[in-house]
Structures are given as structure tokens and as C-alpha cells.
Amino acid sequence: MFLELVKVLLTKLKILSQLIKHRIIFIALGLISIILVMSNILFLLIAVPYFYFVFINHKELFKFLIIICVLFITSLFVTNQFKVRQSSSYILTVDQSLANYDYTTIYGSVGISKVKVYLNRPEELIPGDKLIITGEVKEIEKPTIPGSFNYEGYLRSKRIFSKIDITSYKKDSSSFNVNIIRYKISKYIENVAPHSKGYIKTFVLADKSEFDQSFKENVSSLGISHLFAVSGMHVALIVLSLVYGLKKLKIKESIQEIIVICFLTIFLIITAFSPSVIRAVLMYILIVLNKKYSLHYSNVDILSAIFIGLLLINPYFYLNPGFTLSFLVTLTIILSGNLLKNGSKINQLFLIGLLSMLVTLPIISAINFKINLLGLIANVIFIFLVTYIILPLSFITLLFPVFDIFFYRVIIAFEFIILNLGSINIFNLPIAFTNVFYVIIYYLVLFNWFVKIEKKDNIIKNSLTLIMTVILISISNFISFTKSVNFIDVNGDSTVIIDSFNRCNMVIDTGEYDEYDGVINFLKSKNVKRIDILIITHNHSDHYGEFDELTKNFKVINIITSFDDENLVSNNLKCGSIDLYVYPPSIKKLDENNSSVVLILSISNKNYLFTGDIEKVREEELLDYHFPNIDYLKVAHHGSITSSSNEFIEHIEPKKAIIIVARNNRHNHPSIEVVNRFEDRGITTSRTDLLGTIEHMYIFGKEFQRYNPP
């Protein structure tokens with residue numbers, strides 16, 4: 001009975017194998033379309049026609065596609081259960097710890113759940129250490145400012161759904177943890193190669209923590225970040241080096257393959273199972289098995305199978321940019337084999353750089369908000385330097401630390417080239433794909449370009465079409481009918497106003513200094529390249545903290561402040577289709593808050609009143625002024641009890657109120673009493689601490705609102 005069952009199973013697997021052979025990519029594309037729809041419902045415009053196409057042309061395959069999609073959704077549901085529940089105490093197993101000057105970030109496990117833990121003191125912890133901790137469990141917050149890095153998604157891709165702020169802890173015991181291997185190697189590198197340790201850690205351990213921010217920005221600007229990510233190139237070097245050495249030792253090919261696979265498994269461990277390394281290692285193993293057993297699967301089949309398998313194991317892998325970019329670039333190189341097989345090595349490197357840049361443009365632009373055309377040449381230079389000099393020297397210095405000083409001198413020359421090329425900005429093309437339609441249009445044009453290029457059909461015409469598409473997306477705000485008023489979820493105060501057709505871009509306050517540049521990235525994500533009016537309501541850092549960064553990143557034409565009103569020729573200002581009225585400053589010598597710029601902004605027949613941080617004493621002065629119908633009041637001083645007096649609210653009679661206030665702020669803003677003052681009068685309040693960035697959009701005079709809750 002058992003043997004018959006095995007025979008039936010093997011027969012079914014054989015039929016399935018024949019069914020999916022050379023067609024696994026159809027299943028992978030179906031899975032991608034499901035993921036796209038999860039991110040934005042508008043991707044149904046692609047998903048529905050695609051599933052219909054598979055149903056009509058590949059009915060048997062369609063059934064298997066549906067099964068895989070159901071398994072993926074089930075895996076999502078199961079993975080979402082891996083959250084830490086609130087308890088009196090937890091046993092935390094340390095996987096990795098990063099000690100800073102005054103705190104420690106710990107990545108570890110509580111039972112089967114992965115967590116990120118904060119300890120408010122520096123502490124040296126080793127993988128495998130067990131701590132008994134108490135603290136409050138919190139979910140990782142989603143990004144609340146459009147255009148900002150999705151750190152919550154990145155942690156989710158590592159199966160981390162919760163964070164714990166430790167209130168007390170004690171070391172309990174220790175046990176073996178596979179991450180101890182990576183930890184020991186890292187410490188060894190620090191001890192034996194103190195000068196070149198940053199590069200060895202980067203290319204051996206996939207650990208870029210030694211690089212400073214300015215260097216990372218130069219690398220990102222040149223579009224060569226992928227060269228510093230451990231990926232297929234590193235795996236290929238290991239494989240080629242091992243195979244060469246084993247052949248010299250005259251070891252049998254079958255034994256060679258086993259040894260190589262063992263080394264690659266160790267490499268997976270020391271790189272902390274980086275998605276791109278997992279892809280490269282599995283690719284090598286499956287290609288070997290495919291050849292050994294004459295299975296006749298194509299490389300596209302193998303890549304697609306790995307993609308599907310990894311997503312079924314960890315359905316949130318797609319949120320890791322390295323995972324997405326690794327598969328996308330690898331698939332592009334495989335499919336472009338005919339284009340790459342002819343020509344010199346330099347031409348091949350240039351083509352690989354060009355194709356990789358084009359196919360990843362929407363993803364990269366969502367991170368950098370620009371492409372650097374110099375990167376096409378830089379890629380050729382740096383692929384050569386990294387492949388033949390930096391990467392080999394990293395492994396050589398790891399094995400023979402005597403090369404540390406020599407490698408360091410090479411690094412100095414290498415970074416000198418990066419610094420000088422990275423400082424050239426004239427080749428930068430700012431670009432952001434501001435909506436889904438632009439992404440769909442771009443990939444349709446790009447797909448057509450690939451087809452025509454391979455057939456050598458109207459290459460110039462199709463290349464010009466592709467170039468024009470990129471340029472039009474880059475200047476999309478010039479053809480946008482949308483006007484918007486955006487209350488940014490910052491620490492402090494910041495509002496961004498964008499007029500249709502790029503006629504006016506305005507910023508009222510910048511928020512506190514933000515190392516993640518939330519306001520700047522928001523503006524870049526909207527393809528804004530110029531600020532017509534920058535208003536700093538008063539001289540407190542939570543209103544001007546990003547001033548310097550803002551003026552570095554954008555051309556600012558007019559600046560209006562409470563302490564320098566030379567640019568304010570008239571109280572009535574016009575910017576594009578937006579009207580401003582700035583109320584005269586106080587006639588008395590008041591404190592900084594009460595010296596705030598107060599103004600009314602009129603856009604699409606809606607009036608917004610901005611009051612900075614004024615308090616009751618200034619509000620009493622403003623009672624002498626007539627106010628038009630106020631549709632929205634930006635509530636003063638983050639909803640402080642010192643502002644928004646009953647008399648002022650009754651005088652201006654706003655229809656709705658918006659409070660820009662940080663979550664868990666030390667002043668406990670907004671005051672419940674102030675919120676009740678509005679609610680008691682039937683005035684709805686919207687708060688950034690609850691709703692994230694609040695976007696008011698006007699299209700052909702019709703208002704739409706969008707929120708970005710944490």
C-alpha cells in the first residue's frame with residue numbers, strides 16, 4: 001500500500017514537473033501581482049488581465065498558480081501570529097547587539113517571536129546570552145510621512161513585529177547561537193585588521209556599520225550601493241576560488257561540489273542569511289543539481305522557483321529592498337543573455353549597469369529620489385575595482401592580516417575616487433514615481449524597449465520614447481492638476497503646500513532637526529525641486545530645525561520669518577493660484593511664541609489659518625481683526641492649554657481643526673481641555689499623532705483627504 005502511494009506521488013510530481021517546466025516564471029509573476037495589489041489596489045489593473053491571460057492560455061498551470069497564491073496568503077496569516085504578547089517578564093535570547101554611547105539595540109528572540117529591544121545603557125552582549133527582562137511591548141510603527149524609509153517593513157522582512165523598551169533586566173544564562181560565528185569573526189577582524197576592518201566586514205559579513213553617513217551618501221549618489229551589498233558576485237568569487245584550489249589538489253568533482261556547498265552554507269551564516277546571498281547560494285546549488293541529474297530546467301525556472309520558495313517561507317521578504325533588487329537584476333541579466341554575449345568586457349559591464357539601472361529605476365528612485373547618469377560610467381569603473389581589487393583584498397586580508405596596511409592604502413585611493421565622482425551633481429536627474437500609473441506606464445514602455453532592442457527594431461525611436469517617458473515622470477508636477485496642503489507628522493511643526501502645475505511650492509515651518517529628513521523626503525517624493533516661499537513662524541528649533549538641510553536640498557526663493565520680515569513687502573501675497581494674507585506682528589514686545597507669524601492661506605476656495613505657537617495674550621490682540629470664513633485652523637502650539645482660548649475659537653469659528661503634535665511628547669500635548677473646547681462646539685479635530693501626515697488634496701476643486709497612521 002505504501003509503495004503504491006509513493007509511486008502515485010512520484011507520478012504526480014513527474015506530471016507537475018513537466019507542467020511547470022519553462023513556465024515557473026508565470027507563477028512567480030502571479031505572486032508578484034498579488035503582492036503589488038496588497039501594496040496598492042490600483043495594481044488590479046495589471047493583476048486581473050494577467051490572471052485572465054494565464055487562465056485562458058495555461059489552464060492547468062492556472063490551478064497551480066491559485067494554490068501557490070493561497071499558500072502565500074496562508075503563510076502571511078501564520079507569520080502575523082509571531083508577535084510578542086504583553087507579559088510580566090520575558091526570556092530574551094540575544095541574536096545581535098549594537099552598543100552605542102548611551103543605549104544598546106538588541107535583536108533577539110522571545111520564544112519563537114523575533115523582537116527588537118532597547119536598553120537605555122551601553123552593554124556588551126554576546127549572541128546566545130539569555131536575559132530575563134521586563135518592559136512594555138510595542139508594535140513597530142509604520143512610516144507616517146510619505147516618501148520616508150519604510151523601516152517597519154524592513155524589520156517585518158526579518159520577521160520582527162514588536163519592540164520592547166526594557167525597564168529592568170538581568171543576565172540568566174547562555175547557550176549556543178549560530179550568530180556567535182559571525183560575532184567571533186567580527187571581533188577577529190577588529191583585532192587583526194583595525195585599518196581595513198570596515199571593508200572586510202562589509203564584503204565578508206555584509207555589515208556596513210563601520211561606514212559613516214557621508215560615505216554612504218556618496219556611494220548612493222553614484223548609484224553603486226549594490227556593489228557594497230554581498231550578493232552573487234561574492235558567491236561567484238568564493239565558488240571560483242574554491243573550485244580552482246580543489247582542482248589543483250586533484251579532488252573529484254563530486255567531492256568538490258560538496259565542499260563548495262559546505263563553504264557556502266557557512267557563508268550564509270556569517271552574512272546573517274542576507275536575502276541576496278540566499279538567492280545566490282540557492283541558485284548555485286540548484287544549477288549544480290539541475291546539471292548533475294539532467295533535469296533540463298532553465299535558469300529562469302530555477303530563479304523563479306527560489307523566489308516562490310523564499311516567499312512561502314517568509315512572505316514578508318518582498319519588503320526587503322535587497323531581496324527585490326537582487327531577483328530583479330538577476331532576472332534581467334539572464335533574460336538579456338543575447339544582448340550581453342557579444343562585445344568586449346567593458347561593453348558588457350556598461351550594458352549590465354544600464355539594464356540594471358533601468359529595470360530598478362522605480363525602486364531606487366523611491367529610496368534616493370534621483371538617478372545619477374554618471375553612474376553608468378561609474379558602474380563600469382567600480383565593478384572592475386570591486387571585483388578585481390577590493391573584494392579579493394577583503395578576503396585575502398581576512399586570511400592574511402599582514403596585508404591590512406596595504407589594503408588600507410588601496411581603500412584611501414578608492415574612497416578618493418568615490419568622493420570626487422560623488423561630488424559631481426550636474427548628472428543628477430531628480431525623479432520620483434508619484435503614483436502607480438507612472439510605474440505601470442514606465443514598465444510597459446521599458447518592456448517594449450527590451451523587445452525592440454533584442455530584435456534590433458527601431459532602436460533610436462524606442463530609446464527616445466523611453467528617455468521621454470523618464471523625463472516626463474521627472475517633471476510630472478508640471479502637468480499635475482492636484483493642489484495639496486500637507487500637515488507633516490514631525491517633531492514640532494511643518495506644513496507643505498503644493499500648487500498645481502508646479503506654480504507654487506511652500507513650506508510653513510520645518511520641524512525639529514530630523515536625521516531621517518522626513519520633510520525633505522516628502523518634498524522629493526512629490527517631485528518638488530524648488531521652494532517659492534519658506535515661512536519660519538518663530539525662532540524655536542521645533543519650527544526651524546531642518547532649515548539648513550532644506551536650503552541645501554532645494555532652491556529657496558523667498559523666506560519669511562518672525563524676526564526678519566524684509567521680504568514681506570505687503571501683507572497680501574500671491575504664489576501661483578494660492579493667496580496669502582499675513583497678519584501684522586504684535587505692537588508689543590512679546591515672547592518668542594507670541595511673536596509667531598500668523599497667516600491665512602487660501603487654496604481652492606478653502607481658507608486655512610496658521611497660528612504658529614501663539615498663546616492667549618496674542619490671541620486677544622487678534623480679536624480686533626476680521627477673519628474670513630475659516631475652513632481649517634492649524635491649532636496653535638500643538639494643542640497646548642496656553643493657546644486656543646474659548647474667545648479666540650468663538651471669534652474665528654473654524655469648521656475643522658488640525659493639531660500637529662508628536663506622539664508621546666514630554667509636554668503631554670495636546671491638552672484634553674483644548675480638544676474638548678473644539679469638540680464641544682462641533683469642530684472636528686484631526687491629529688498627526690493619531691493619523692500621521694494629514695494630506696488635503698484638491699483636484700478640479702474637489703477635496704480628498706488621506707492619512708498615514710502609525
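Keep in mind the model is a prediction, meaning the values are calculated, not measured. Counting from 1, the numbers follow the sequence of the chain as shown.
- The salt bridge (Lys or Arg N to Asp or Glu O under 4.0 Å) test applied to D457 returns K452, not counting sequence neighbours.
- Between the side chain of N368 and the backbone N or O of K370, no donor-acceptor pair lies under 3.5 Å.
- In this structure Y388 satisfies the ring-ring contact (aromatic ring centres under 6.0 Å, His included) test together with F384, sequence neighbours excluded.
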I'd like a table of donor-acceptor pairs (distance under 3.5 Å, sequence neighbours excluded) in which one partner is a side-chain atom from residues 61-79, with atom names and distances.
| residue | atom | partner | partner atom | Å |
| --- | --- | --- | --- | --- |
| T74 | OG1 | V70 | O | 2.8 |
| S75 | OG | L312 | O | 2.8 |
| T79 | OG1 | S75 | O | 2.7 |

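- Relative to the six-membered ring of Y297, K21 meets both conditions, a distance below 6.0 Å and an angle of at most 45° to the axis.
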TODO: Please test N527 against T434 for side-chain hydrogen bond (donor to acceptor under 3.5 Å, both in side chains), starting from the C-alpha separation and ending with a verdict.
DONE: CA-CA 7 Å; N527 270 325; T434 54; 4.7 Å; no
- [ ] Let me see the working for F323 and I278 under side-chain contact (heavy atoms from CB on, under 4.5 Å), right down to the final yes or no.
- [x] CA-CA 9 Å; F323 176 87; I278 295 174; over 6 Å; no
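- Put simply, the side chain of T330 never gets that close to the backbone of F327: no donor and acceptor are under 3.5 Å apart.
- Judged as a salt bridge (Lys or Arg N to Asp or Glu O under 4.0 Å), and not counting sequence neighbours, the contacts of E210 are K201.
- Summarising the geometry, atom CG belonging to L421 is positioned 9.5 Å from atom CZ belonging to F416; distances are rounded to the nearest 0.5 Å.
- Annotation: I56, atom CD1; neighbour count of heavy atoms from other residues, nucleotides and ligands within 6.0 Å is above 12.
- Other residues, nucleotides and ligands contribute more than 12 heavy atoms inside 6.0 Å of the CZ atom of F51.
- The backbone N or O of L268 sits less than 3.5 Å from a side-chain atom of T271, completing a donor-acceptor pair.
- Of the possible donor and acceptor atoms, none in the side chain of S220 sits under 3.5 Å from a partner among the backbone N and O of E217.
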- [ ] Kindly determine whether D404 and S196 satisfy side-chain hydrogen bond (donor to acceptor under 3.5 Å, both in side chains), including the steps that lead there.
- [x] CA-CA 6 Å; D404 181 36; S196 57; 2.6 Å; yes
TODO: Under the side-chain contact (heavy atoms from CB on, under 4.5 Å) rule, what do V445 and W449 come out as? Steps first, then yes or no, please.
DONE: CA-CA 6 Å; V445 173; W449 181 80; 5.5 Å; no
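- Nearest heavy-atom pair, N521 versus G147, reported as atom, atom and distance to 0.1 Å: CB-O, 3.6 Å.
- No more than 12 heavy atoms of other residues, nucleotides or ligands shown are found within 6.0 angstrom of NZ on K142.
- In this structure, the side chain to side chain contact (heavy atoms under 4.5 Å, CB included) partners of N179, at least two apart in sequence or on a different chain, are D95, P127, N177.
- Every residue meeting the side chain to side chain contact (heavy atoms under 4.5 Å, CB included) condition with N425, not counting sequence neighbours, appears here in chain and number order: N428.
- With rounding to the nearest 0.5 Å, the separation of CG in L246 from NZ in K252 is 14.5 Å.
- F203 is listed as a side-chain neighbour of V386, based on a closest heavy-atom distance under 4.5 Å.
- Ring orientation note: the planes of F414 and Y199 are nearly perpendicular, at an angle over 60° on the 30°/60° scale.
- Listed by chain and number, the residues in a side chain to side chain donor-acceptor pair (under 3.5 Å) with K524 are N553 (sequence neighbours excluded).
- Not counting sequence neighbours, S294 has no partner by the side chain to side chain donor-acceptor pair (under 3.5 Å) test.
- Note: S394 OG to L398 CG = 9.0 Å, rounded to the nearest 0.5 Å.
- Side chains of Y443 and P362 form a contact here, defined as non-hydrogen atoms less than 4.5 Å apart.
- In this structure, I367 and P321 approach most closely via the heavy-atom pair CD1-CB, 4.4 Å.
- Taken to the nearest 0.5 Å, the CG atom of L354 stands 10.5 Å off from the CG atom of L373.
- Closest of all the heavy-atom pairs between M283 and I334 is CE-CD1, 3.8 Å.
- Counting heavy atoms from C-beta on, the side chains of F382 and I417 come closer than 4.5 Å.
- With sequence neighbours left out, R279 forms a salt bridge (Lys or Arg N to Asp or Glu O under 4.0 Å) with no residue at all.
- Here the closest heavy-atom approach between residue T469 and residue Y442 is recorded as CG2-CA, 4.3 Å.
- Heavy-atom contacts from other residues, nucleotides or ligands closer than 6.0 Å to CD of Q213 number more than 12.
- Taking each heavy atom of S356 and V329 in turn, the nearest pair found is OG-CG1, 3.5 Å.
- Using a 30° and 60° split on the angle between ring planes, F400 and F403 fall in the perpendicular class, above 60°.
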- [ ] Give the intermediate values and the outcome of side-chain contact (heavy atoms from CB on, under 4.5 Å) for residues D301 and H22.
- [x] CA-CA 6 Å; D301 284 337; H22 306 309; 3.4 Å; yes
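- I25 is linked by a side chain to side chain contact (heavy atoms under 4.5 Å, CB included) to L29, V300, S304, L331, counting only residues two or more places apart in sequence or in another chain.
- Residues passing the side chain to side chain donor-acceptor pair (under 3.5 Å) test with S423, sequence neighbours excluded: none.
- Of the inter-residue distances, the one linking F433 atom CZ with S525 atom OG reads 13.5 Å to the nearest 0.5 angstrom.
- Side chain of S336 to main chain of T332: a donor-acceptor pair is present (N/O by atom type, distance under 3.5 Å, no hydrogens or angles).
- Cation-pi geometry between K59 and F55 is satisfied (NZ or CZ under 6.0 Å from the ring centre, within 45° of the ring normal).
- T265 contributes a side-chain N or O that, together with a main-chain N or O of I261, makes up a donor-acceptor pair within less than 3.5 Å.
- In this structure N347 satisfies the side chain to side chain donor-acceptor pair (under 3.5 Å) test together with S344, sequence neighbours excluded.
- For F437, the CZ atom counts as loosely surrounded, since its 6.0 Å shell holds 12 or fewer non-hydrogen atoms of other residues, nucleotides or ligands.
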Open item on the list: Does F450 form a side-chain contact (heavy atoms from CB on, under 4.5 Å) with L355? I'd like the steps, not just the answer.
Closed with: CA-CA 9 Å; F450 270 113; L355 297 176; 3.4 Å; yes
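- Between F267 and F395, the angle of the ring planes lies from 30° to 60°, which puts this pair in the tilted group.
- Between N320 and P275, the shortest heavy-atom distance links the atoms ND2-CG, 3.7 Å.
- Surrounding OH of Y408 are at most 12 heavy atoms belonging to other residues, nucleotides or ligands under 6.0 Å away.
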